[in-house]
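Scroll down for the structure; my scribbles are underneath it.
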2 protein chains.
Amino acid sequence: MSRGELARQQSTHLVLAELKAACANCNLRELCLPAGLSNAELDQLDNLVNVRRKIKRGDALYRAGEIFDAIYAVRSGFFKSRVTYEDGRDQVTGFSMGGEILGMDGIGQGTHNCDAIALEDSDVCTIPYTRLEELSREVSGLQRHFHKMMSREIVRESGVMMLLGVMRAEERIAAFLLNLSQRLNARGYSPLEFHLRMTREEMGSYLGLKLETVSRAFSKFHNDGLIEVEQKFVRIIDIEGLKQVYAHHVN
Amino acid sequence: MSRGELARQQSTHLVLAELKAACANCNLRELCLPAGLSNAELDQLDNLVNVRRKIKRGDALYRAGEIFDAIYAVRSGFFKSRVTYEDGRDQVTGFSMGGEILGMDGIGQGTHNCDAIALEDSDVCTIPYTRLEELSREVSGLQRHFHKMMSREIVRESGVMMLLGVMRAEERIAAFLLNLSQRLNARGYSPLEFHLRMTREEMGSYLGLKLETVSRAFSKFHNDGLIEVEQKFVRIIDIEGLKQVYAHHVN
DNA sequence: TATGTGTTTTGATGTGGATCAAAGGCAATC
DNA sequence: GATTGCCTTTGATCCACATCAAAACACATA
């Protein structure tokens, strides 16, 4: 597959699916909120998830401080989440792709804690929170799965803490590429070649590194025969080698 | 108050409260899972939270990999949560004190993701998860508050990511002390003098720093007249000065 | 009181990644 | 196809924190 086709495949909205409103016919249902629900339960969820929203590249799905009233399921596209600190410093705290849930940070305090910015034209399902609460009192499978998604977000973040707290630069970047690869794979895309949706700077912000360091690591991986990189296009040549980058550290 | 008394006050179990089983009479109820529930609702919760467990200093409340079947509310004492990576490297991902909930990381995959280790003799309430699910289908206040606690854990962790990703050593340590201070204050303890329950190394692990760096920062803060430190005892002398440590960074 | 063990402090030195700087590449718009 | 505005790469230098080392200290147990 050429790079151009790959880019198109990953960002094309699924026009057919847009004709049907919601989860029952969504090809992401096994990854998303409805995972594990019965058909009858799915129908109930469909009544809840009826508002779709398109977000243009660069625009915010929500911003820190805004009133929280819904969570969002990414239907297509790609987002970054970004926390801005009082003094203006900010950090990217995550990247989200199809089937992943955004906005759960807002439940605790009633306002969003971060900005969710689309890194490409994107499409989300809006899930009003109070109605989700109501429905998950009736549909225990939904309740359980929603809890799981929140819990997994907690676990994901402690993984990032590990990354930031104990790994060195190249390990972080290898781990990041492998994580992306695995998530793309779960969505039916090639795990070995893909387009990065974020800049080196955004990647660095997420990983606690400067963009120059990210760039140098990419060059090093390329020289070591682990990957091919051309701007935002990445091809993983030696996935085992990439895994060894952080398996074989010196303690 | 002398340092000895302070230490005793913070670690003494509340013998009287132990006679009553659960939440309705717990002095932590405003901070803990039952926050905001009506008296009737509290009574229902009392039926759920009936297993108490004592954990000795150094022992684990649970360990990574164990089957998850309950979350825990810290009643007295102090815990660290620790994630161990495949290759043996580990990181402290949090510290928990009275009224805080432990174990929510296990919901997603059905097994615990980290070890929870008592840093002093501690006392927890066991909350069986399936019963919590059932009850929160009936008691919407409980459902909502449980969601809030999970969400706050997500927000807390993104705060730590910020700390690890963008702050420098002294900022991290100042932020850490102020966070401890604020949490102790919310529990009725002095926000200005307290005993650290963790070693310099555990603090460093949490903050992504080496123990020597933590020690040096403490010495520096002492020389700058911000705090007094004597081993595990800390007195904050100039809380505003401490806040300025990370407010006045150079960008 | 002596002894061992783990914790903390402090100093000297090393280094990974930040910072500074400059050049080159890509894509959109005119 | 020239201009403009990012984004990326690469090199040179710097510095914050790690690492290495040693001594002091705290606390438990014999």
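Residue numbers begin at 1 in each chain, while the letters A, B, ... track the order of the sequences.
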Subject >> Base-contact (B) and sugar-phosphate-only (S) positions in nucleotides 23-30 of chain C, heavy-atom cut-off under 4.0 Å, - elsewhere >> reply: ---S----
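Contact between B/Gly77 and B/Val74 at its shortest, heavy atoms only, is O-CG1, 4.1 Å. Counting all heavy atoms, side chain and backbone alike, B/His222 lies closest to B/Val229 at ND1-N, 4.1 Å.
Under the rule for a side chain to side chain contact (heavy atoms under 4.5 Å, CB included), the partners of A/Glu240 that lie at least two apart in sequence or sit in another chain are A/Asp238, A/Lys243. Judged as a salt bridge (charged side-chain N to carboxylate O under 4.0 Å, His left out), and not counting sequence neighbours, B/Asp90 has no contacts. Take A/Lys210 and apply the salt bridge (charged side-chain N to carboxylate O under 4.0 Å, His left out) test, not counting sequence neighbours, and it matches no residue. Listed by chain and residue number, B/Asp115 satisfy the salt bridge (charged side-chain N to carboxylate O under 4.0 Å, His left out) test with B/Arg63 (two or more places apart in sequence, or in another chain). Contacts of A/Lys220 classified as salt bridge (charged side-chain N to carboxylate O under 4.0 Å, His left out), with partners at least two apart in sequence or in another chain: A/Glu170, A/Asp224. Listed by chain and residue number, A/Ile55, A/Phe79, A/Ser122 satisfy the side chain to side chain contact (heavy atoms under 4.5 Å, CB included) test with A/Ala118 (two or more places apart in sequence, or in another chain). Listed by chain and residue number, B/Thr199, B/Leu211 satisfy the side chain to side chain contact (heavy atoms under 4.5 Å, CB included) test with B/Glu201 (two or more places apart in sequence, or in another chain).
The existence of a salt bridge linking A/Glu171 and B/Arg89 is confirmed by a sub-4.0 Å separation between a basic side-chain nitrogen and an acidic carboxylate oxygen. Ionic pairing of B/Arg57 and B/Glu120 is not present here: no N-O contact between side-chain nitrogen and carboxylate oxygen is shorter than 4.0 angstrom.
With hydrogens and angles ignored, a donor-acceptor pair closer than 3.5 Å exists between the side chain of A/Arg216 and the base of C/dT19.
Atom C1' of nucleotide C/dA18 and atom CZ of A/Arg200 are separated by 18 Å, given to the nearest angstrom. One interatomic measurement links the two molecules: CZ of B/Phe218 to C1' of C/dT8, which rounds to 11 Å at whole-angstrom precision. Across the protein-nucleic acid pair, A/Leu164 atom CG and C/dG17 atom C1' stand 14 Å apart, rounded to whole Å. Atom P of nucleotide C/dT9 and atom CZ of B/Phe221 are separated by 13 Å, given to the nearest angstrom. In this entry the distance linking CZ of A/Arg168 with P of C/dT15 reads 11 Å, nearest Å. Separating the CZ atom of B/Phe233 from the P atom of C/dT8 is a distance of 16 Å, rounded to the nearest angstrom.
Projected onto DNA chain D by closest heavy-atom contact, A/Glu201 and B/Ala169 fall at different nucleotides, the more 5' of which corresponds to A/Glu201.
Residues in residues 93-103 of chain A take part in these side-chain hydrogen bond (donor to acceptor under 3.5 Å, both in side chains) pairs, two or more places apart or across chains: A/Glu100-A/Arg183, A/Glu100-A/Arg187.
A/Phe68 and A/His112 have perpendicular rings, their planes meeting at more than 60° on a 0 to 90° scale where under 30° would count as parallel.
A distance of 6.0 Å or more separates the ring centres of B/Tyr189 and B/Phe194.
Residue-level contact check: B/Lys232 touches the backbone only, with heavy atoms under 4.0 Å from sugar-phosphate atoms and none from bases. In this structure, A/Ser215 reaches the bases: a heavy-atom distance under 4.0 Å links it to at least one base atom across the strands shown.
When DNA chain D is scanned 5' to 3' for any atom under 4.0 Å from a heavy atom of chain B, the first and last hits are D/dA16 to D/dA26.
Of the residues in residues 205-213 of chain A, those with a non-hydrogen atom less than 4.0 angstrom from any atom of DNA chain C are A/Gly208, A/Leu209, A/Lys210, A/Glu212, A/Thr213.
Helix bend of the helix from C/dT1-D/dA30 to C/dC30-D/dG1: the angle between its two end axes, each built from five pairs, comes to 40° after rounding to 10°.
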